[in-house]
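Right, one structure below, let's go through it.
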Amino acid sequence: MTTAVAGPASAGSRPEVRVAGGALRGSLESGVAVFHGIPYAEPPVGGLRFAAPRPAASWDGVRPALSYGPPPPQSDGLGRDPSSQDTTGDDWLTVNVWSPEPDPAAKLPVMVWIYGGAYTIGASSRPEYDGAHLARDGGVVVVTFDYRLGMEGFAQIAGAPPNRGLLDQVAALEWVRDNIAAFGGDPNETTVFGESAGAGSVAALLAMPRAAGLFRRAIAQSVPGTFFSPQLAADIATTCADELGLRPTVTDLSTVDPALLALAGDTVAATMTARAQRWGQAAHRSILFAPVVDGEVLPATPWQAMAAGSSREVDLLAGHTRDEQRLFTALTGLLGQVTPDQAATALQVFAPGPDGARRYRDAYPDAGPDQLYELVHSDWLFRMPTLHLAQAQVAGGGRVHLYELAWSAPGLGGALGACHGLDVPLVFGNLTNGQPAMLIGERPTSEATALSVRMRTAWTTFATRSDPGWPAYDSARRLTQVFDTTSLVTAYPEERSRLIWQDHSFPPLLPGLDVR
């Protein structure tokens with residue numbers, strides 16, 4: 001049972017609540033009660049290294065909940081979050097809560113965020129994930145949390161349960177179910193939402209028996225189509241462990257410094273394109289980790305499971321950005337520089353079926369190398385997996401609302417269009433903080449602010465009553481909300497790509513190039 005500490009404490013500048021583990025003292029920021037760094041599971045170190053998460057131990061007295069927990073071990077490839085630079089320790093599995101009304105009688109909807117980062121990087125402490133705007137403006141309780149990444153969370157290790165990062169997510173949702181009432185949340189009105197690998201995690205949760213009943217609604221923003229077969233995951237883990245002269249077993253790896261494991265992963269990722277004949281499409285995109293369709297924790301891909309009805313009781317909001325790939329093209333220095341040979345290779349590797357390349361050229365006859373390269377990458381990795389997730393939900397008897405973000409980001413000279421990640425600052429309302437805010441520009445325009453309000457309202461309204469403000473998607477009309485300067489509801493706007501991919505099933509990725 002969870003109860004709030006008596007009224008005045010919850011209303012003051014140092015709000016207090018009592019959860020299953022003990023009493024917590026947070027802070028009050030602009031009218032929102034904020035609690036950081038609450039353990040939801042024991043630190044996965046020592047005898048618990050690579051184990052399934054276990055409930056956190058209780059504590060005596062009042063525990064300060066004023067700072068984020070340390071981020072999980074990971075690569076520093078994109079730079080550490082400045083807010084976590086001084087946070088050390090092994091208590092990686094923590095949650096953070098923002099509540100406009102920390103009173104059990106409030107019974108507010110709950111939104112639980114899962115961050116992205118290719119299942120390799122990420123931290124709930126990043127400023128772009130601050131939940132204050134959502135909580136205050138939407139009248140919801142917002143929860144963020146950390147989960148194991150990379151080798152710690154997703155590598156196929158003998159003697160360890162698969163998909164430990166997903167099991168962490170289930171444990172965090174169980175903590176929400178058991179404790180969120182103390183913060184004014186209604187555990188029966190929980191929405192899980194995430195972007196990129198976070199959206200892939202949401203999709204996985206929709207297919208996982210262990211997650212059934214832990215949330216009523218789900219929001220999936222830019223779902224990646226990358227789910228691994230056990231064979232591919234095992235081969236990649238073997239290669240990563242071999243960098244340290246070890247085997248991918250709990251016995252060999254449990255005493256290795258987590259930072260060394262992350263470094264070994266970085267080394268393998270840097271050479272993945274040279275392993276394309278061995279690892280196929282995953283190597284072409286340097287994708288080192290993904291959820292593994294192991295048959296137990298994750299019995300089937302989300303598309304298979306949802307089409308069979310695994311999520312028919314969960315209302316879904318799903319969508320993608322128009323120009324998903326452009327950010328990655330810019331990061332690799334290819335923006336505006338794609339050669340005909342590079343476009344042809346991308347079509348050969350990623351377009352579906354033996355005639356996929358021809359179908360792209362026929363469907364987009366005026367497209368040059370840059371556009372073809374962008375289209376097939378966007379479709380393979382994010383756009384079509386997201387669309388197919390919506391279609392699987394409908395096929396399984398569930399309800400889904402579909403959207404596309406088509407507003408071109410004005411930041412960085414406006415070169416990135418409606419690229420991957422643009423939805424994150426717009427949904428959270430954090431237009432000036434965090435790396436994604438660079439897409440908005442130094443001074444958010446009134447247009448950006450208005451679009452953020454529209455998207456934030458749609459997300460919190462969906463979390464409140466399963467209706468974001470536009471009709472549900474169906475296979476006949478395919479109605480889709482397009483977010484732009486002037487937003488409108490129309491038939492799914494990427495029809496040419498939809499037809500190219502309509503017979504593809506997004507199976508688990510296997511070793512070898514010919515996996516289409």
Side-chain angles (χ1 to χ4, degrees), residues 109 111 134 137-138 140 191 193-195 199 202-203 206 216-223 306 311-312 314-324 363 375 378-379 382-410 417-429 445-502:
M111 298 185 70
L134 274 176
D137 299 343
V140 298
T191 297
F193 69 129
E195 184 265 349
V202 169
L206 289 167
R216 182 174 177 179
R217 304 176 183 92
I219 304 174
Q221 304 169 212
S222 300
V223 180
M306 292 171 66
S311 60
R312 66 166 61 98
V314 178
D315 293 323
L316 176 64
L317 172 61
H320 56 72
T321 70
R322 182 190 60 204
D323 309 313
E324 292 278 5
L375 281 167
S378 293
D379 286 342
F382 294 117
R383 298 201 314 181
M384 295 303 106
T386 303
L387 173 65
H388 282 221
L389 196 79
Q391 293 175 164
Q393 176 75 344
V394 173
R399 180 182 177 89
V400 59
H401 297 262
L402 189 66
Y403 75 89
E404 178 181 79
L405 175 59
W407 180 72
S408 292
C419 68
H420 186 71
L422 177 60
D423 49 325
V424 172
L426 294 171
V427 165
F428 275 88
T445 63
S446 58
E447 184 179 282
T449 301
L451 178 57
S452 177
V453 169
R454 291 203 301 274
M455 293 187 72
R456 199 157 67 250
T457 299
W459 265 235
T460 55
T461 302
F462 177 79
T464 301
R465 56 176 184 263
S466 296
D467 182 0
W470 65 90
Y473 181 88
D474 61 57
S475 57
R477 297 181 299 168
R478 302 189 183 93
L479 293 180
T480 305
Q481 171 72 60
V482 178
F483 287 105
D484 205 338
T485 303
T486 301
S487 299
L488 74 159
V489 176
T490 184
Y492 181 64
E494 310 305 336
E495 177 67 4
R496 288 179 286 181
S497 289
R498 184 191 73 80
L499 291 173
I500 293 171
W501 288 83
Q502 63 183 342

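Keep in mind that this is a model prediction, so the values were computed, not measured.
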Checking [Y] against [X]: is there a side-chain donor and acceptor pair closer than 3.5 Å?
X: Ser408; Y: Arg322; result: yes
X: Gln391; Y: Ser475; result: no
X: Gln221; Y: Trp459; result: yes

Inset, instruction - Would you please test Thr460 and Asp137 for side-chain contact (heavy atoms from CB on, under 4.5 Å) and show each step? - result: CA-CA 9 Å; Thr460 55; Asp137 299 343; over 6 Å; no

Restricting to non-hydrogen atoms, name the atom on [X] and the atom on [Y] that form the minimum distance, rounded to 0.1 Å.
X: Gly421; Y: Pro425; result: O-CD, 3.3 Å
X: Gly194; Y: Val202; result: N-CG2, 3.8 Å
X: Val427; Y: Leu134; result: O-CD2, 3.5 Å
X: Glu404; Y: Pro493; result: OE1-CG, 3.3 Å
X: Arg456; Y: Gly429; result: NH1-CA, 3.3 Å
X: Thr480; Y: Ala491; result: OG1-C, 4.3 Å

Is there side-chain contact between [X] and [Y], with at least one heavy-atom pair below 4.5 Å?
X: Asp323; Y: Leu422; result: no
X: Arg454; Y: Ser487; result: yes
X: Pro109; Y: Thr191; result: no
X: Leu316; Y: Met306; result: yes
X: Leu479; Y: Trp470; result: no
X: Leu387; Y: Trp501; result: no
X: Glu495; Y: Leu499; result: yes
X: Arg217; Y: Leu317; result: no

Inset, instruction - Using ring pair (Phe, Tyr, Trp, His ring centres under 6.0 Å) as the criterion, list what pairs up with Phe193, not counting sequence neighbours. - result: Trp113, Phe428

Inset, instruction - Kindly indicate, with the supporting measurements, whether the criterion side-chain contact (heavy atoms from CB on, under 4.5 Å) is fulfilled by Ile219 and Met111. - result: CA-CA 10 Å; Ile219 304 174; Met111 298 185 70; 4.2 Å; yes

[X] [atom1] to [Y] [atom2] distance, which is reported to the nearest 0.5 Å:
X: Gln393; Y: Leu206; atom1: CD; atom2: CG; result: 7.0 Å
X: Leu488; Y: Phe483; atom1: CG; atom2: CZ; result: 11.0 Å
X: Ser378; Y: His320; atom1: OG; atom2: NE2; result: 9.5 Å

Inset, instruction - Spell out, as yes or no, whether a donor-acceptor pair under 3.5 Å connects the side chain of Arg312 to the backbone of Gly397. - result: no

Inset, instruction - Please confirm whether the backbone N or O of Val453 pairs with a side-chain atom of Thr457, one donor and one acceptor, at under 3.5 Å? - result: yes

Inset, instruction - May I ask you to decide if the ring planes of Phe382 and His420 are parallel, tilted or perpendicular, using 30° and 60° as cut-offs? - result: parallel

Inset, instruction - Enumerate the residue pairs fulfilling salt bridge (Lys or Arg N to Asp or Glu O under 4.0 Å) with a member in residues 475-486, sequence neighbours excluded, ordered by first and then second residue. - result: Asp474-Arg477

Inset, instruction - Mind jotting down which residue pairs meet the salt bridge (Lys or Arg N to Asp or Glu O under 4.0 Å) criterion with at least one end in residues 386-402? Sequence neighbours excluded, please. - result: none

Inset, instruction - Scan Glu195, Glu324, Arg383 and name whichever one has a side chain to side chain donor-acceptor pair (under 3.5 Å) with Ser222. - result: Glu324

Inset, instruction - Given side-chain contact (heavy atoms from CB on, under 4.5 Å), test His401 with Asp467 step by step and report yes or no. - result: CA-CA 8 Å; His401 297 262; Asp467 182 0; 4.3 Å; yes

